[in-house]
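Residues: numbered from 1 along the sequence shown. Since the model is a prediction, treat every value here as computed from it, not as a measurement.
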Amino acid sequence: MEKTIWSQTILRTPLTSIQGYAQLLLRRGGNIDSTLLGEALQTISEESGRLIRLVSDLRQLARAAAKQAIISTLELIDLRDVIGTVEDTVTMVAPAQIEVQLTMAKSSAWVDADTDRLKQVFLDLSNNAIEATQAGGKVTAKGVSA
């Protein structure tokens with residue numbers, strides 16, 4: 001039962017982003033500037049790719065449960081890039097009555113991490129904060145250098 005709930009939660013985040021951008025495109029119809037259109041299509045493409053990778057990860061989890069080998073990919077990334085992508089996505093899918101502001105320190109914050117997992121964590125936290133915020137409220141997260 002817990003695995004099913006986790007699977008639904010982990011898959012919901014990219015689907016929410018895809019749906020939010022698709023709804024934005026539908027609402028704006030022909031009245032959308034090329035920059036916003038490009039951004040929306042890029043996000044839809046990235047999130048659908050991430051969704052494909054998440055499904056692959058679920059397959060890996062099933063392999064782990066069957067005691068088969070799993071390969072984990074870590075890469076050196078600037079946390080500011082991840083936060084920037086998350087802010088772009090969350091800002092587009094958040095209700096208009098809720099202000100979203102995610103900020104990072106100006107200097108690079110390099111981490112050895114799985115980009116998709118890290119993005120998933122920040123998207124989940126942001127989406128949870130938005131769901132818990134009343135209309136007219138503000139969701140703020142600030143990263144500082146250690």
Side-chain angles (χ1 to χ4, degrees), residues 2-64 70-146:
E2 287 180 27
K3 289 180 186 178
T4 302
I5 293 170
W6 178 84
S7 298
Q8 291 170 354
T9 301
I10 205 88
L11 294 172
R12 184 185 69 208
T13 302
L15 287 171
T16 299
S17 297
I18 292 168
Q19 182 183 37
Y21 275 99
Q23 287 174 346
L24 172 72
L25 294 174
L26 287 171
R27 278 195 311 262
R28 299 246 177 129
N31 299 326
I32 190 165
D33 66 79
S34 61
T35 303
L36 184 57
L37 176 62
E39 181 182 318
L41 292 174
Q42 180 66 34
T43 299
I44 289 171
S45 176
E46 288 173 2
E47 292 299 315
S48 60
R50 192 159 68 91
L51 187 56
I52 290 167
R53 290 187 300 275
L54 287 170
V55 170
S56 175
D57 290 345
L58 288 173
R59 198 175 76 223
Q60 284 185 351
L61 286 173
R63 290 177 64 189
I70 299 176
I71 299 171
S72 178
T73 306
L74 298 178
E75 57 187 321
L76 188 61
I77 56 172
D78 188 348
L79 191 56
R80 295 175 309 162
D81 294 335
V82 174
I83 298 299
T85 302
V86 168
E87 182 177 28
D88 291 344
T89 301
V90 171
T91 300
M92 296 304 287
V93 299
Q97 313 89 318
I98 297 176
E99 182 182 350
V100 177
Q101 183 181 21
L102 308 177
T103 58
M104 281 292 300
K106 292 181 182 179
S107 60
S108 297
W110 295 100
V111 294
D112 194 23
D114 181 325
T115 304
D116 288 331
R117 295 289 180 283
L118 199 52
K119 184 176 178 183
Q120 182 73 43
V121 167
F122 287 118
L123 282 169
D124 286 344
L125 289 171
S126 299
N127 286 332
N128 289 344
I130 289 168
E131 288 177 13
T133 303
Q134 295 179 0
K138 183 176 181 179
V139 172
T140 306
K142 183 177 181 180
V144 295
S145 297

Would you name the heavy atoms of [X] and [Y] that are closest together and state the gap between them?
X: K106; Y: R80; result: O-NH1, 2.5 Å
X: V82; Y: L118; result: CG1-C, 4.3 Å
X: I98; Y: A135; result: CG1-CA, 4.5 Å
X: E87; Y: T91; result: O-OG1, 2.7 Å
X: D112; Y: L74; result: OD1-CB, 3.8 Å

Are [X] and [Y] close enough that some pair of their side-chain heavy atoms sits under 4.5 Å apart?
X: T85; Y: T43; answer: no
X: I83; Y: F122; answer: yes
X: E46; Y: R50; answer: no
X: L25; Y: I44; answer: yes
X: E47; Y: K119; answer: yes
X: S126; Y: V139; answer: no
X: E39; Y: L41; answer: no
X: Y21; Y: L26; answer: no

* **By side-chain contact (heavy atoms from CB on, under 4.5 Å) - contacts of D81 (at least two apart)** => D78
* To do: Applying side-chain contact (heavy atoms from CB on, under 4.5 Å), run through T133 and K138 and close with a yes or a no.
  => CA-CA 7 Å; T133 303; K138 183 176 181 179; over 6 Å; no
* To do: Could you give me the CA-CA distance, side-chain angles and deciding distance for L36 and L24, then say whether side-chain contact (heavy atoms from CB on, under 4.5 Å) is met?
  => CA-CA 10 Å; L36 184 57; L24 172 72; 4.1 Å; yes
* What's the spacing between I32 CD1 and L37 CG if we round to 0.5 Å? ->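 Those atoms lie 5.5 Å apart.
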* CD/E75: more than 12 non-hydrogen atoms of other groups inside 6.0 Å ->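 Correct, the count exceeds 12.
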* To do: Please check if any side-chain donor atom of Q120 sits under 3.5 Å from a side-chain acceptor atom of D124, or the reverse.
  =>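 Side-chain D/A pair, Q120 to D124: present.
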